[in-house]
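Atoms within a ligand are numbered from 1 in the order they appear, just like the ligands themselves. This is a predicted model, so every value here is computed, not measured.
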Amino acid sequence: MNESTSVTPVTISGTGSYVPEKILTNTDLEKIVDTSDEWIFSRTGIKERRIAAEGEFTSHMATKAAERALEQAGITAKEVDLIIVATITPDTLTPSTACYVQANLGASSAVAFDISAACSGFLYAMKLAKRLISDGAYQNALIIGAEKLSSFINWKDRNTCVLFGDGAGAAVLRKSEPGEGRILASETGSDGRHAGLLDIKGGGSACPITMANATDNLATLAMQGREVFKLAVTAMRQASEKVIERAGLTPDDITLVVPHQANLRIIDAISDRLAIPNEKVFVNLHKYGNTSAAAIAIALDEAHREGKFKRGDNIIMVAFGAGLTWAAAAIEW
Ligand code: COA
């Protein structure tokens with residue numbers, strides 16, 4: 001559905017992000033698994049990633065990112081009436097991480113829940129919150145992408161452990177006032193037939209972790225990287241094209257693309273196919289690796305704070321992740 005036809009336009013009034021202090025470099029990883037800085041950097045573009053401290057959970061990172069977004073939006077936590085946390089690494093299976101964040105913030109008027117759409121989660125949350133604000137159900141939504149992937153990595157599997165990192169990003173959404181920007185269009189999609197390409201098999205009801213399987217690394221990420229790569233390029237290109245068209249834009253109208261930060265080769269392939277030059281594509285994966293639902297949220301906040309776009313500029317965000325899921329959004333800032 002084309003958001004530009006919605007009755008009530010919705011804008012992003014603040015962004016925030018947080019990454020843990022601890023840096024794990026490619027060179028550090030050379031001491032853990034049979035890999036090299038050269039292999040990781042040339043295949044992915046990643047140089048280092050952040051790792052949460054012991055006792056630092058997804059909700060803690062989410063809370064810090066949220067506080068920064070609220071400060072920028074100029075509202076207090078009490079004014080937030082909707083909190084959606086997108087994560088695949090919740091503090092606990094239940095309650096939701098969003099409820100912990102609500103308590104941490106003191107956002108006592110909010111309804112809080114999580115969504116699980118992997119790396120596409122932040123844009124799923126954006127579309128949902130946008131619709132709920134448009135419909136008049138809520139006024140100030142806090143959407144957060146937050147992950148502590150380091151807790152779900154098999155640190156002996158070089159196919160995956162070099163790719164991921166921890167962090168959180170957040171945005172505040174509210175009704176757009178005259179003269180302000182707005183979310184122009186968004187696209188979300190899923191294809192569960194490819195669920196097995198990227199998953200965490202254990203720890204859910206299908207495969208509880210027991211004494212018998214505790215050493216099998218079932219509660220860690222497993223991935224068929226090459227297949228995921230191909231599907232990611234196609235899905236992200238198509239989703240981007242859809243939102244560009246629905247927003248009534250052409251690639252020339254776009255100031256900045258904020259893509260999911262998984263692999264520089266995927267990002268380059270998409271910018272090639274969309275005919276958008278590399279200098280209009282925001283990249284920070286060399287610093288953080290793939291932080292799943294947090295990646296676009298962190299990238300948007302960094303790009304915003306670095307002044308990469310200003311009011312009136314058109315931005316495209318596009319993601320792809322486990323499920324499989326994909327999503328894109330076009331925004332006039
Ligand atoms: N260090 C050194 N060698 C490694 C390695 C590592 N960290 N990880 C894998 N290899 C090896 C493989 O074992 C394989 O060896 P083999 O040929 O002897 O079997 C070789 O490198 C090539 O593996 P391949 O899978 O073909 O590499 P690739 O060029 O496809 O790159 C990925 C692998 C994972 C970087 C790439 O497929 C990718 O990025 N896929 C998308 C993943 C992704 O973004 N997932 C998240 C989506 S949200």
Side-chain angles (χ1 to χ4, degrees), residues 24-49 86-89 115-124 145-147 149-150 152-167 169 188-192 194-200 217 220-240 258-272 281 283-286 288-299 317-328:
L24 185 70
T25 66
N26 291 350
T27 315
D28 295 331
L29 280 166
E30 287 175 1
K31 294 171 198 135
I32 303 174
V33 285
D34 180 14
T35 191
S36 65
D37 173 44
E38 195 282 327
W39 191 97
I40 301 169
F41 186 65
S42 63
R43 303 287 174 122
T44 69
I46 300 166
K47 281 303 253 185
E48 57 191 42
R49 66 288 294 142
T87 187
I88 54 165
T89 54
I115 60 167
S116 172
C119 311
S120 311
F122 184 71
L123 294 183
Y124 271 50
E147 304 284 8
L149 286 154
S150 58
F152 296 87
I153 293 298
N154 175 356
W155 290 102
K156 291 185 176 152
D157 177 12
R158 68 177 183 174
N159 291 296
T160 52
C161 76
V162 302
L163 302 175
F164 297 97
D166 300 336
T188 44
S190 321
D191 187 347
H194 300 297
L197 291 183
L198 177 50
D199 60 7
I200 298 172
N217 270 314
T220 58
L221 257 172
M223 181 178 69
Q224 295 177 41
R226 217 176 289 178
E227 287 72 14
V228 171
F229 190 106
K230 285 184 242 157
L231 291 162
V233 172
T234 308
M236 286 169 80
R237 176 181 58 78
Q238 288 173 347
S240 304
V258 181
H260 178 47
Q261 307 286 318
N263 184 312
L264 193 56
R265 291 187 296 146
I266 296 179
I267 292 175
D268 286 346
I270 293 157
S271 68
D272 251 25
V281 180
V283 174
N284 64 3
L285 63 79
H286 52 288
Y288 307 135
N290 181 350
T291 57
S292 191
I296 285 201
I298 296 172
M317 293 183 272
V318 59
F320 177 88
L324 297 176
T325 60
W326 55 89

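- Among all heavy-atom pairs drawn from Asp37 and Glu30, the shortest one is N-OE2, 2.7 Å.
- For atom 18 (O) of ligand 1, the nearest protein heavy atom lies 4.0 Å or farther away.
- Atoms of ligand 1 found under 4.0 Å from any heavy atom of Thr44 (numbered from 1 in listed order, with element): 35 (C).
- Between Asn159 and Met223, every side-chain heavy-atom pair lies at or beyond the 4.5 Å cut-off.
- Of all protein heavy atoms, the one closest to atom 47 (C) of ligand 1 is Val228 CG1, 3.7 Å.
- Contact between Gly169 and Phe122 at its shortest, heavy atoms only, is O-CE1, 4.3 Å.
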Arg49 and Asn26: CA distance, side-chain angles, deciding distance, side-chain contact (heavy atoms from CB on, under 4.5 Å) verdict: CA-CA 8 Å; Arg49 66 288 294 142; Asn26 291 350; 2.9 Å; yes
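- Of the N or O atoms in Ser36, none lie within a sub-3.5 Å distance of an N or O in ligand 1.
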Pair Thr291-Glu147, side-chain hydrogen bond (donor to acceptor under 3.5 Å, both in side chains): steps then yes or no: CA-CA 6 Å; Thr291 57; Glu147 304 284 8; over 6 Å; no
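- With contacts defined as side-chain heavy-atom distances shorter than 4.5 Å, the pair Leu285/Ile267 qualifies.
- Distance screen at 4.0 Å: atom 32 (C) of ligand 1 has no protein heavy-atom neighbour inside the cut-off.
- At the shortest separation from atom 9 (C) of ligand 1 among protein heavy atoms lies Asn159 OD1, 3.1 Å.
- Here is the list of ligand 1 atoms found below 4.0 Å of a heavy atom in Ala262: 44 (O).
- Relative to atom 41 (C) of ligand 1, the option among Gly225, Gly289, Ala293 with the closest non-hydrogen atom is Gly225.
- The nearest protein atom to atom 12 (C) of ligand 1, hydrogens excluded, is given as Arg158 NH2, 3.9 Å; this is a heavy-atom distance.
- Shortest contact from atom 46 (C) of ligand 1 to any protein heavy atom: Asn290 ND2, 3.5 Å.
- Annotation: Asn263 places an N or O atom under 3.5 Å from an N or O atom of ligand 1; distance criterion only.
- Closest heavy-atom approach to atom 26 (O) of ligand 1 within the set Lys230, Glu227, Arg226: this belongs to Arg226.
- Of all atoms in ligand 1, listed by their number and element, those nearer than 4.0 Å to a heavy atom of His260 are 48 (S).
- Each of the atoms 42 (C), 43 (C), 45 (N) of ligand 1 lies under 4.0 Å from some heavy atom of Met223.
- Annotation for ligand 1: atoms under 4.0 Å from non-hydrogen atoms of Val162 are 7 (N).
- At a 4.0 Å heavy-atom cut-off, ligand 1 does not touch Val33 at all.
- If you check which protein heavy atom lies closest to atom 1 (N) of ligand 1, you get Thr35 OG1, 2.7 Å.
- For atom 36 (C) of ligand 1, the candidate residues are Arg265, Arg43, Gln224; the nearest heavy-atom contact is made by Arg265.
- Listed by atom number, the atoms of ligand 1 under 4.0 Å from Cys119 heavy atoms are 48 (S).
- The option from Phe320, Trp326, Trp39 that lies nearest to atom 48 (S) of ligand 1, judged by heavy atoms, is Phe320.
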